[in-house]
There are 2 protein chains.
Amino acid sequence: MQIERYNEGISLKRSVDSGTDEQRKTVQGIISEVRKDGDAALFSYTERFDGVKLTDLRVTQEELNAGLAALSEEHIAVIREAAENIQSFHQKQQRNSWITTDDMGTMLGQKITPLDAVGVYVPGGTAAYPSSVLMNVMPALVAGVKRIVMVSPPGKDGKLAPVVLAAAKIAGVTEIYTVGGAQAIAALAYGTDSIDKVDKIVGPGNIYVALAKREVFGDVSIDMIAGPSEIAVLADKTANAAEVAADLLSQAEHDAFACSVLVTTSMELAEGVSQEVHKQLELLPRKEIAEQSIRNFGRIIVCANMSEALLAVNELAPEHLEILTENPMEAMAKIRHAGAIFLGRFSPEPVGDYFAGPNHVLPTNGTARFASPLNVDDFQKKSSIIMYSEKAFRANSEKIASFARLEGLEAHARAIEARK
Amino acid sequence: MQIERYNEGISLKRSVDSGTDEQRKTVQGIISEVRKDGDAALFSYTERFDGVKLTDLRVTQEELNAGLAALSEEHIAVIREAAENIQSFHQKQQRNSWITTDDMGTMLGQKITPLDAVGVYVPGGTAAYPSSVLMNVMPALVAGVKRIVMVSPPGKDGKLAPVVLAAAKIAGVTEIYTVGGAQAIAALAYGTDSIDKVDKIVGPGNIYVALAKREVFGDVSIDMIAGPSEIAVLADKTANAAEVAADLLSQAEHDAFACSVLVTTSMELAEGVSQEVHKQLELLPRKEIAEQSIRNFGRIIVCANMSEALLAVNELAPEHLEILTENPMEAMAKIRHAGAIFLGRFSPEPVGDYFAGPNHVLPTNGTARFASPLNVDDFQKKSSIIMYSEKAFRANSEKIASFARLEGLEAHARAIEARK
């Protein structure tokens with residue numbers, strides 16, 4: 001890996017695939033067909049894009065059970081424990097409705113209500129990850145969402161991957177449809193005979209899924225449109241080069257656009273990591289992918305001191321940040337932008353990817369400047385509560401009417417004065 | 001107003017103006033010009049669209065002071081008191097970062113950080129409302145945002161409305177630029193020599209502003225794209241027809257697309273309100289607007305009983321909901337979807353529009369099903385914190401590696417095993 005000296009204004013931003021005009025038109029066409037023809041359109045697109053002719057989209061209880069039965073007991077136990085950890089962490093995000101009152105009898109507050117229905121998109125093929133099912137479903141469950149609908153495209157046999165069904169079963173999802181692509185997003189947003197519409201759609205997908213989410217945004221809520229995954233490791237001379245290299249490679253194996261960056265105050269570590277990356281690369285089953293990612297997006301940035309390194313990390317605003325320094329907590333306090341922060345040697349990123357409990361759906365491509373990990377708030381909404389007593393009303397009515405007239409809204413003032 | 005019996009499946013949804021292809025192209029052109037030419041493009045578009053030739057975009061401290069001086073002491077006092085109420089309510093939304101620890105020494109948590117910089121768009125002309133300045137700025141201030149940037153298009157004299165400057169001064173905004181339209185959104189999203197870029201853009205605007213926000217969405221965060229304003233009044237026979245009518249009209253005067261709906265269990269009230277609306281309409285200065293709104297979007301829906309009426313209100317998912325029943329609190333508990341809920345006779349909507357403290361930026365067009373009033377969370381983001389102790393790591397490392405291998409990600413497993 002190439003080693004560079006820190007220069008102000010670094011960025012992890014890569015050109016995200018935002019689709020061609022033609023892809024956008026295709027997606028718009030699919031959405032309008034599904035709105036017009038409902039299930040018939042879903043069956044027809046499934047035949048065309050997935051190459052299977054289905055007559056029923058709903059996954060049966062038997063198929064769910066079979067998915068679970070296909071897994072080893074060891075794997076079931078691990079997924080269960082991960083689900084419990086995820087549930088437990090997200091329960092701590094849960095908030096209560098609140099009200100305040102004052103001497104005049106005014107009551108103001110904020111009511112928290114879970115969304116009625118949420119759709120979770122799960123990609124098919126090799127990107128069908130059980131951890132992704134857990135991470136998208138558990139926060140919705142904890143938030144109190146009553147109806148959680150999973151959709152995923154069928155494999156060549158017309159079925160969903162057993163491991164995905166097993167994760168759904170463990171998470172407690174019971175409403176699952178074998179449909180993917182833009183047509184699945186359209187069905188979730190607008191409803192068909194088989195699939196009732198939802199209020200929000202979450203989960204990763206290919207460019208057609210991402211474009212479809214953009215199109216239905218506003219009619220339903222969506223999560224962020226995720227870019228390729230990324231990690232920044234902030235390390236000083238106390239870090240172990242072989243461990244840092246392994247962590248960078250665990251990100252790089254995701255896909256060729258994944259991005260792994262080391263920010264360090266130690267030239268010795270920088271050189272050690274560079275060598276280790278190439279040594280370990282040779283031994284990886286996904287070597288080709290990881291190699292491309294490291295070559296195109298891997299960076300080692302050497303900083304003069306820790307405050308420069310912290311500046312660099314905040315400029316990067318990475319999705320994942322590992323802090324492998326003598327005092328990780330001290331550094332953490334100064335991080336302003338990062339999706340998830342992993343502290344110390346014993347918290348390599350995979351600890352959080354699968355198991356610890358915090359969500360692995362994180363803001364990518366510099367959006368940690370303004371976006372958050374998927375969390376319980378994403379599945380609830382707030383309503384303001386306003387109750388003025390007669391006394392409070394009388395004490396303030398003239399002021400309120402005066403403000404209304406300042407804005408030229410006479411009927412607003414009269415709604416106040418109608419109470420006199 | 002026409003009176004109808006309740007029928008399942010009612011909706012407030014109106015066809016929102018989502019812009020034409022031509023408008024979208026215009027906006028894309030403006031954005032790319034601003035990205036290319038920066039300030040020069042801003043000056044040129046301001047001359048073309050606002051008809052004024054500016055040489056400096058930044059509003060001076062003197063102009064801000066002059067704005068305040070143009071206002072009566074009474075109005076200054078009202079705006080100040082409203083600002084204090086808004087600040088006080090939003091302070092109650094403030095959350096703390098938290099961590100949890102367990103016996104193994106694992107530490108998990110959530111760090112809350114304010115956004116670095118936020119842009120607030122304020123429309124020009126007759127839609128330049130001081131209340132809108134307060135409602136968009138105060139939550140950002142309370143959230144701890146250090147840099148709040150206001151933009152607004154100049155009037156024919158090349159200046160901003162004094163009342164808007166006064167509200168900005170009272171709210172404490174000091175960085176203000178005389179620029180509007182899609183060009184202002186582009187400058188906020190990507191930066192120019194005069195205007196540093198921000199992380200999030202909030203505030204209402206015309207169709208070009210809305211389209212520009214949609215275009216930059218993803219590169220920066222945006223608030224919801226707001227539709228026309230709406231109110232639902234839930235009332236039983238204890239409500240006063242003249243008061244209900246005045247409340248419906250206060251919504252109707254906003255614009256011809258505003259929507260006012262009465263949902264009631266009392267046919268007598270329905271008839272009384274219908275008459276009162278037409279009587280009061282005659283006396284309104286904005287009679288023509290309100291009349292159009294009532295004719296096209298006004299509805300009186302009579303329900304068989306309170307549970308049917310609550311069903312109707314939840315189907316509507318209104319932006320504003322007034323509850324004028326014998327037991328407003330009892331009804332409130334059953335409301336699942338509403339932006340702001342006003343309880344009882346002495347809480348007509350204008351109490352909350354200007355003064356009480358909760359935000360008046362609310363989800364419209366049925367989006368209260370999944371969206372919330374503008375609030376402090378909108379100006380902060382979360383980062384997950386994960387620190388495993390050596391003991392916790394050793395106890396779980398095999399399980400984590402096993403999960404990684406189940407997903408076919410060998411390098412993830414090796415990052416774990418590198419610590420052995």
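Each chain gets a letter, A, B and so on, in the order the sequences are listed, and its residues count up from 1. Worth saying up front: this structure is predicted, and the values here are computed from it rather than measured.
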Review point. Atom CG in A/Asn314, atom CG in B/Asp116: separation rounded to 0.5 Å?
Key: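 If I round to the nearest 0.5 Å, the distance is 8.0 Å.
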Exercise for review: For each of B/Met332, B/Met107, B/Met329, tally heavy-atom pairs with chain A at distances under 4.5 Å, and name the one with the top tally.
Suggested key: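 That would be B/Met332.
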Exercise for review: Name the option with the most non-hydrogen atom pairs under 4.5 Å to chain A; the candidates are B/Leu362, B/Leu284, B/Ile323.
Suggested key: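 Greatest number of close heavy-atom pairs with chain A: B/Leu284.
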Practice item. Check each of A/Glu349, A/Glu253, A/Gln251 against B/His412 using the side-chain hydrogen bond (donor to acceptor under 3.5 Å, both in side chains) test, and report the only one that passes. Key: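 Result: among A/Glu349, A/Glu253, A/Gln251, A/Glu253 is the only option passing the side-chain hydrogen bond (donor to acceptor under 3.5 Å, both in side chains) with B/His412.
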Exercise for review: Verify the neighbour count for atom CD of B/Glu398: are there more than 12 heavy atoms of other residues, nucleotides or ligands below 6.0 Å?
Suggested key: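 At most 12 heavy atoms, drawn from other residues, nucleotides or ligands, come within 6.0 Å of this atom.
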Review point. Can you check whether B/Arg336's main-chain N or O pairs, donor with acceptor, with A/Lys381's side chain at less than 3.5 Å?
Key: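 Confirmed, A/Lys381 side chain pairs with B/Arg336 backbone.
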**Study point:** Donor-acceptor contact present, side-chain B/Ser250 to main-chain A/Ala411, <3.5 Å
**Key:**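 No; zero donor-acceptor contacts below 3.5 Å.
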**Study point:** Which portion of A/Arg286 sits near chain B, non-hydrogen atoms under 4.5 angstrom
**Key:**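 When you check distances to chain B, only side chain atoms of A/Arg286 fall under 4.5 Å.
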Review point. Which atoms of A/Thr106 come close to chain B, meaning under 4.5 Å heavy atom to heavy atom: side chain ones, backbone ones, both, or neither?
Key: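 Neither part; nothing is under 4.5 Å.
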For [X] and [Y], work out which heavy atoms get closest and say how close.
X	Y	value
A/Gly352	B/Ile386	CA-CD1, 4.1 Å
A/Ile335	B/Lys111	O-NZ, 2.5 Å
B/Pro285	A/Glu410	CG-CB, 3.4 Å

Point to revise | Test: A/Glu243 and B/Arg419 ion pair at under 4.0 Å | key: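 Salt bridge between A/Glu243 and B/Arg419, a charged N being under 4.0 Å from a carboxylate O: yes.
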